[in-house]
Visitor: 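The structure's right below; bear with me while I get my questions together.
Counting starts at 1 for both ligands and their atoms, following the listed order. Residue numbers start at 1 and run along the sequence shown.
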Amino acid sequence: MLKEKMLKALNEQINAEQYSALLYLSMSAYFNDMGLPGFGNWMYVQYQEELTHANKFFNYVIERGGKVEVKAIKQMPTSWEGVIEVFEKTLEHEQLVTSLINELVDIAIAEKDHASQSFLRWFVDEQVEEEANVTEILDTLKLINGQGNGIFMLDREMRTRVFVDTTTAAE
Ligand SMILES: [Fe+2]
Ligand SMILES: [Fe+2]
């Protein structure tokens with residue numbers, strides 16, 4: 001059985017992951033509207049990934065005998081000042097999520113909840129990857145100043161990203 005503080009924090013994380021999903025869906029809509037379908041695809045895959053994160057937490061809470069509280073999701077932005085700003089905000093958001101995951105680990109340690117510590121390790125590793133991927137794209141975007149031919153080349157590359165549910169792989 002989950003302790004109350006852990007349960008509350010896990011429920012908040014379900015909401016944070018759902019917010020992440022819709023933030024990236026909104027970014028996907030923005031890119032498609034801008035005429036950058038490859039970037040739109042990349043963000044759509046990101047949206048799908050975040051849903052699997054939310055569901056991984058959802059299933060974990062249930063598995064531990066906790067009650068999931070599905071909550072309202074706050075309004076996400078719908079427009080940005082360009083491609084670079086979108087990825088700057090994405091990196092900021094992933095850094096925020098990393099701090100939330102770290103706080104969850106801190107609670108699990110304080111509560112001596114070994115099962116949650118083990119479960120959260122997957123997310124600790126996932127956040128390292130998330131931040132690295134976004135940083136790499138942001139660096140490339142800065143090199144090409146977020147415009148010109150480079151953007152169209154990059155858009156073509158972003159089109160190739162396909163969704164893979166990594167949450168169901170061996171833990
Ligand atoms: Fe996530
Ligand atoms: Fe993420």
Side-chain angles (χ1 to χ4, degrees), residues 2 6-32 36 38-64 66 68-78 80 83-109 113 115-141 154 157-171:
L2 287 163
M6 194 75 246
L7 175 63
K8 191 169 177 284
L10 287 167
N11 265 316
E12 277 164 18
Q13 193 61 29
I14 292 172
N15 189 265
E17 299 290 346
Q18 288 170 336
Y19 174 82
S20 301
L22 292 187
L23 174 66
Y24 298 141
L25 185 65
S26 184
M27 287 170 170
S28 175
Y30 171 77
F31 282 139
N32 278 296
L36 292 171
F39 281 88
N41 171 64
W42 195 93
M43 280 298 175
Y44 192 82
V45 172
Q46 196 68 6
Y47 151 72
Q48 290 174 295
E49 271 198 17
E50 298 298 349
L51 285 181
T52 66
H53 295 172
N55 294 339
K56 192 174 173 78
F57 278 106
F58 180 92
N59 291 322
Y60 177 70
V61 170
I62 290 170
E63 206 179 351
R64 293 290 310 279
V68 171
E69 301 281 352
V70 180
K71 294 175 186 138
I73 295 151
K74 67 173 189 220
Q75 178 65 48
M76 72 298 306
T78 56
W80 293 266
V83 186
I84 291 180
E85 201 207 1
V86 173
F87 279 88
E88 279 171 348
K89 295 292 180 199
T90 299
L91 182 58
E92 263 176 44
H93 184 68
E94 288 300 331
Q95 287 165 340
L96 171 76
V97 172
T98 299
S99 70
L100 294 175
I101 298 290
N102 289 341
E103 280 169 34
L104 283 169
V105 175
D106 289 344
I107 294 168
I109 291 169
D113 183 343
S116 293
Q117 287 176 51
S118 172
F119 168 76
L120 289 164
R121 209 157 292 142
W122 186 90
F123 284 95
V124 172
D125 296 340
E126 170 67 13
Q127 283 311 116
V128 173
E129 209 176 297
E130 288 271 64
E131 285 192 33
N133 291 341
V134 176
T135 301
E136 194 185 326
I137 294 167
L138 190 54
D139 288 346
T140 307
L141 284 170
L154 195 55
E157 203 184 310
M158 301 287 259
R159 194 176 291 186
T160 62
R161 185 183 187 195
V162 285
F163 170 66
V164 180
D165 186 351
T166 54
T167 62
T168 50
E171 285 159 29

Visitor: Hey, could you give me the CZ/NZ distance between Phe119 and Lys56, rounded to the nearest 0.5 Å?
Guide: 5.5 Å

Visitor: Could you tell me if the ring centre of Tyr60 sits under 6.0 Å from that of Trp122?
Guide: no

Visitor: Just checking, any donor-acceptor pair under 3.5 angstrom between side chains of Glu131 and Gln127?
Guide: no

Visitor: Test side-chain contact (heavy atoms from CB on, under 4.5 Å) on Asp125 and Val128 and set out the steps.
Guide: CA-CA 5 Å; Asp125 296 340; Val128 173; 5.5 Å; no

Visitor: What class does the angle between the rings of Tyr30 and Trp80 fall in, given that below 30° is parallel, 30 to 60° is tilted and above 60° is perpendicular?
Guide: perpendicular

Visitor: Could you check whether Arg161 pairs with Glu49 (Lys NZ or Arg NE/NH1/NH2 to Asp/Glu carboxylate O, under 4.0 Å)?
Guide: yes

Visitor: Could you name all protein N, O or S atoms found under 2.8 Å from the Fe ion (ligand 2)?
Guide: Glu50 OE2, Glu94 OE1, Glu94 OE2, Glu130 OE2

